[in-house]
2 protein chains.
Amino acid sequence: MKLTNEFLQERLNGQFEHLLLDEIAKTGQYKRVSAGSYLIRPGEYIRSVPIILHGSVKIMRPDKEGREALLYYLGGMDACAMSLTCCLGSKQSEITAVVEEDTELIAIPVDKVDEWMCRFSTWKQFVFQTYQKRFDNLLATVDEVIFQKLDERLLAYLHKKAQSCGCRVLSITHEEIAQDLATSREVISRLLKQLERNGVLKLMRNKIEMLS
Amino acid sequence: MKLTNEFLQERLNGQFEHLLLDEIAKTGQYKRVSAGSYLIRPGEYIRSVPIILHGSVKIMRPDKEGREALLYYLGGMDACAMSLTCCLGSKQSEITAVVEEDTELIAIPVDKVDEWMCRFSTWKQFVFQTYQKRFDNLLATVDEVIFQKLDERLLAYLHKKAQSCGCRVLSITHEEIAQDLATSREVISRLLKQLERNGVLKLMRNKIEMLS
DNA sequence: CCGGTTCCGTGACAAATGTTACATGGCCCC
DNA sequence: GGGGCCATGTAACATTTGTCACGGAACCGG
């Protein structure tokens with residue numbers, strides 16, 4: 001799709017100045033990506049930084065045994081800090097990014113990311129804000145993993161998920177949750193059952209309804 | 001102490017251009033900080049970004065119960081990414097930074113950090129490299145906490161420590177280790193004893209000698 | 001040398017998490 | 001309706017981690 005200034009103005013919440021919008025319209029690439037597709041996998045190089053207009057992207061961290069734990073989600077108006085550092089240092093990705101819900105994004109070529117930093121203060125601000133948000137995300141994840149027990153982490157996970165999809169009924173299997181939290185299916189089933197007994201949620205096949 | 005261009009040239013490994021060194025000499029503040037002092041605590045504001053010339057600084061993350069887990073160390077030529085984001089967004093610190101070994105650093109006033117970004121490409125590079133390093137540190141920590149068991153984490157912890165102090169005999173108590181890893185002293189004692197039986201290390205009062 | 005303090009070792013038990021094994025039940029497709 | 005697949009439930013057991021209780025050893029200051 002061709003990017004226009006008006007479209008960008010609306011979708012980017014007017015957080016960028018006009019000249020910058022022109023540049024984005026000229027060099028940015030609009031993309032629709034459907035749920036399940038990978039934006040980046042470990043070891044790949046990135047040549048553009050995605051700004052997410054709408055949807056949600058799941059950032060995961062793999063280990064050597066093939067497990068893959070959830071780090072955090074990217075949502076509207078978020079950009080990926082990993083891709084920023086990867087681009088600017090031409091480093092390989094160390095994470096996996098997979099589209100969770102159908103997503104619209106604008107891909108900014110790496111050389112522009114750098115160039116605009118000095119030309120547009122709103123861009124510089126955006127870049128640093130992005131770093132800050134990702135740092136906060138990571139810290140929150142670290143907190144949970146270090147200080148909380150699994151049942152608390154599970155509950156936090158479900159709430160985040162419900163919030164991100166904007167509904168109270170989650171379409172997910174116990175197995176998927178187990179992968180995201182880097183544990184086993186049986187453990188999750190056990191804890192979920194416990195939460196159900198406590199009236200926090202209701203379990204159905206392939207679905208979990210949050211009650212509180 | 002008064003900063004001179006020559007001093008900076010030598011201590012900063014010549015990674016900055018001359019004009020920038022002049023600026024740093026003019027506005028940077030040289031500081032010696034002795035082991036045990038706090039550079040920043042949660043809730044405080046930072047008005048300068050430290051560049052560490054020599055020594056080591058421990059970055060920790062507190063939780064509500066008063067526990068405080070180790071995130072990572074800063075060493076020579078490192079800068080603190082937290083302080084970067086905190087400064088640029090005038091946010092409160094979310095971490096604790098305490099000097100582990102006597103440290104020399106240069107404090108850069110926050111407005112300069114921003115101003116130099118566009119004027120000096122080596123500075124811009126430095127800032128982004130800093131972000132990247134801190135991200136990598138955090139990811140490594142996340143990896144350990146998510147995927148590894150305590151005995152592996154403990155061993156990794158000891159190795160990092162040995163590397164950072166450059167010697168094979170660590171001066172540390174079981175209690176301190178337990179705090180850094182957010183667990184209890186007894187657990188650490190037990191695991192250490194096990195490692196000793198396996199010939200990995202030797203235990204002494206207030207000291208641990210790494211053998212491998 | 002004595003008394004107090006800090007550090008360490010350790011057994012016994014509790015709680016949390018991981019693993020194995022199998023049963024059940026829904027759902028899809030023919 | 002029957003067969004097969006997938007998701008879930010669950011018991012039983014293993015391992016890991018956390019907690020409590022206590023004793024002894026090393027060190028330190030008088």
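Chain A is the first sequence line, chain B the second, and so forth, proteins listed ahead of strands; every chain is numbered from 1.
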Are A:S189 and D:dT10 close enough that a side-chain N or O sits under 4.0 Å from OP1 or OP2?
-> no
Return no unless some side-chain N or O of B:H174 is found under 4.0 Å from OP1 or OP2 of C:dG9.
-> yes
Can we say B:K149 and B:E152 salt-bridge, meaning some charged N sits less than 4.0 Å from an Asp/Glu carboxylate O?
-> no
Heavy atoms, side chains only, cut-off 4.5 Å: are [X] and [Y] in contact?
X      : Y      : result
B:R134 : B:L74  : yes
B:I172 : B:Y157 : yes
A:F128 : B:V127 : yes

Could you tell me the separation between the [atom1] atom of [X] and the [atom2] atom of [N], rounded to a whole number of Å?
X      : N      : atom1 : atom2 : value
B:N206 : D:dA25 : CG    : C1'   : 12 Å
A:R190 : D:dT10 : CZ    : C1'   : 10 Å
B:E196 : C:dC8  : CD    : P     : 12 Å
B:I177 : C:dT6  : CD1   : P     : 19 Å
A:Q194 : D:dT10 : CD    : C1'   : 14 Å
B:F147 : D:dT16 : CZ    : C1'   : 18 Å
B:K193 : C:dC7  : NZ    : C1'   : 12 Å
B:I188 : D:dT16 : CD1   : C1'   : 13 Å

Side chain of A:K149 - closest among C:dA16, D:dG18, D:dG9 = C:dA16
Between C:dA21, C:dT10, C:dG18, which one does the side chain of B:E186 approach most closely?
-> C:dT10
Have a look at B:T173 and say if it touches a base, only the backbone sugar-phosphate, or nothing, with a 4.0 Å heavy-atom cut-off.
-> sugar-phosphate
Ignoring hydrogens and angles, tell me if any N or O in the side chain of A:T141 forms a donor-acceptor pair with the backbone of A:L71 under 3.5 Å.
-> yes
Go through the N and O atoms of the side chain of B:R205 and the base of C:dT6, and report whether any donor-acceptor pair is under 3.5 Å.
-> yes
Check whether the side chain of B:R185 and the base of D:dG18 form a donor-acceptor pair under 3.5 Å.
-> no
